[in-house]
Amino acid sequence: MSLRVNEIFYSIQGESTYAGRPCIFVRLTGCNLRCRWCDTAYAFHGGEQRSVEQVLEQVRAYKCPLIEITGGEPLLQEEVYPLIGHLLHDGYEVLIETGGSLSVDRLDPRVVKILDLKAPGSEMDPCNNLENLRYLDRKDQIKFVVADRQDYEWAKRLMAEHGLADKAQVLFSPVFGELHPGTLAEWILTDRLDARLQIQLHKYLWDPNRRGV
């Protein structure tokens with residue numbers, strides 16, 4: 001068994017509460033969603049088949065304790081679970097970013113789950129699996145990517161209906177190039193939301209279309 005890997009790289013973490021920290025990224029190929037604003041559509045296809053051991057060998061070479069497994073949708077590949085097991089055994093702090101449609105129930109509880117709940121503007125909101133909220137704890141993170149006021153109000157209602165701020169850390173991220181971060185910041189402040197504004201830091205540090213950062 002092997003993983004189809006789109007890319008492995010070392011960069012500054014651009015999102016989540018880990019933003020700003022050096023991090024290794026393992027981006028797996030394939031996704032079951034097609035968000036309107038997806039900025040990693042290149043990960044839908046391509047990549048190389050690699051064994052878990054080959055992935056671990058490349059990861060170890062970077063000598064960094066923080067790693068994020070992302071995609072695409074990383075939970076589509078069965079071998080992601082043994083990969084996570086080896087990383088945890090080796091002492092890595094493991095983050096996994098998932099699109100929220102597939103169950104996270106099999107993930108090791110030590111993994112930091114970053115659950116990207118899809119707002120209506122993504123055109124993928126019917127795919128949200130809200131059963132996943134049962135498997136979150138305070139170290140985990142719920143991310144809302146919002147394009148406009150409608151998305152923001154949708155996310156705010158979901159926060160209230162499910163008590164999301166009590167389940168995990170809540171992140172609001174503006175769609176790059178569509179919603180100004182300052183506008184989103186004003187909405188959060190006005191409503192006194194228990195949430196964190198995040199921007200995609202890597203898109204401000206480097207060319208926003210650059211891969212491998």
Side-chain angles (χ1 to χ4, degrees), residues 3 5-29 37-40 42-43 50 52 54-75 80-81 83-100 104 107-117 132 135-146 164-165 167-177 181-182 184-185 188 193-213:
L3 291 156
V5 179
N6 190 272
E7 57 185 348
I8 300 175
F9 59 95
Y10 173 62
S11 185
I12 293 294
Q13 174 62 259
E15 302 185 57
S16 78
T17 63
Y18 293 81
R21 284 185 56 184
C23 183
I24 305 163
F25 294 84
V26 176
R27 187 182 305 284
L28 302 183
T29 298
W37 51 62
C38 181
D39 57 3
T40 51
Y42 61 85
R50 299 190 193 179
V52 170
Q54 286 173 322
V55 174
L56 291 170
E57 183 178 358
Q58 186 170 349
V59 164
R60 290 168 182 145
Y62 289 118
K63 302 186 186 305
C64 174
L66 181 66
I67 183 165
E68 177 173 314
I69 303 172
T70 185
E73 173 50 70
L75 297 183
V80 74
Y81 297 103
L83 173 62
I84 289 170
H86 284 289
L87 290 168
L88 290 170
H89 179 267
D90 288 351
Y92 286 92
E93 189 172 9
V94 181
L95 321 177
I96 187 159
E97 183 159 0
T98 173
V104 299
L107 287 173
D108 189 294
R110 292 172 290 175
V111 171
V112 175
K113 297 176 283 293
I114 303 171
L115 190 69
D116 187 351
L117 291 180
N132 279 328
Y135 303 106
L136 302 182
D137 60 38
R138 289 297 302 167
K139 77 177 183 317
D140 297 322
Q141 306 184 17
I142 298 168
K143 181 173 78 169
F144 293 108
V145 179
V146 299
L164 298 187
K167 296 179 185 296
Q169 301 177 74
V170 180
L171 316 169
F172 275 70
S173 182
V175 175
F176 186 83
L184 181 54
I188 291 171
L193 283 190
D194 186 5
R196 177 188 295 256
L197 172 70
Q198 69 165 27
I199 60 173
Q200 293 177 291
L201 181 60
H202 49 289
K203 291 188 176 182
Y204 292 86
L205 295 175
W206 297 286
D207 184 323
N209 296 312
R210 181 176 168 185
R211 289 176 56 170
V213 295

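Scope of the values below: all heavy atoms of this structure, side chains included, with no hydrogens, waters or symmetry mates.
Interatomic distance, Gln169 CD to Thr17 OG1, rounded to the nearest 0.5 Å: 4.5 Å. Within the model, atoms CG of Asp116 and OG1 of Thr70 stand 9.0 Å from one another, a figure rounded to the nearest 0.5 Å. Between the NZ atom in Lys139 and the CG atom in Leu95 there is a gap of 10.5 Å [rounded to 0.5 Å]. Atom CG of residue Leu66 and atom OH of residue Tyr92 lie 11.0 Å apart, to the nearest 0.5 angstrom. For the atom pair Leu201 CG and Ser16 OG, the distance stands at 10.5 Å (nearest 0.5 Å). Taken from CD1 in Ile96 to CG in Asp140, the straight-line distance is 11.0 Å, to the nearest 0.5 Å.
When all heavy atoms of Pro174 and Leu197 are compared, the pair lying nearest together is CD-CD1, 4.3 Å. Of all the heavy atoms in Ala43 and Asn6, the pair that sits closest is CA-ND2, 3.4 Å. In plain terms, the two heavy atoms of Thr40 and Gly71 that are nearest each other are OG1-O, 3.8 Å. Closest non-hydrogen pair, Asn132 versus Gly100, comes out as ND2-O, 3.5 Å.
A donor-acceptor pair is defined here as one N or O able to donate and one able to accept, closer than 3.5 Å; such a pair exists between the side chain of Glu73 and the backbone of Leu75.
One side chain, Gln58 or Arg50, offers a donor N or O that lies under 3.5 Å from an acceptor on the other.
At a threshold of 4.5 Å between non-hydrogen side-chain atoms, the residues Tyr10 and Cys64 count as touching. Within the 4.5 Å cutoff, side-chain heavy atoms of Asp90 are placed close to those of Arg60. Two residues are said to be in side-chain contact when any heavy atoms from C-beta on lie closer than 4.5 Å; Leu115 and Tyr135 fail this criterion. With a 4.5 Å cut-off on side-chain heavy atoms, Gln54 and Val5 do not count as touching.
Shown are Val94, Val112, Ile24, Ile114; of these, the side-chain contact (heavy atoms from CB on, under 4.5 Å) with Glu68 is made only by Ile114.
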Practice problem: Show the numbers, then the answer: is there a ring-ring contact (aromatic ring centres under 6.0 Å, His included) between Tyr204 and Phe176? | Solution: CA-CA 10 Å; Tyr204 292 86; Phe176 186 83; 5.7 Å; yes
Exercise. Under the side chain to side chain contact (heavy atoms under 4.5 Å, CB included) rule, what do Tyr81 and Leu107 come out as? Steps first, then yes or no, please.
Key: CA-CA 7 Å; Tyr81 297 103; Leu107 287 173; 3.9 Å; yes
Exercise. Output, in order, the C-alpha distance, side-chain angles, deciding distance and verdict of side chain to side chain contact (heavy atoms under 4.5 Å, CB included) for Lys113 and Leu136.
Key: CA-CA 7 Å; Lys113 297 176 283 293; Leu136 302 182; 3.8 Å; yes
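By the side-chain hydrogen bond (donor to acceptor under 3.5 Å, both in side chains) test, Asp194 pairs with no residue at all, sequence neighbours left out.
Contacts classified as salt bridge (Lys or Arg N to Asp or Glu O under 4.0 Å) and involving residues 15-27 (residues at least two apart or in different chains) are given here: Glu7-Arg27, Glu15-Lys143, Arg21-Glu93.
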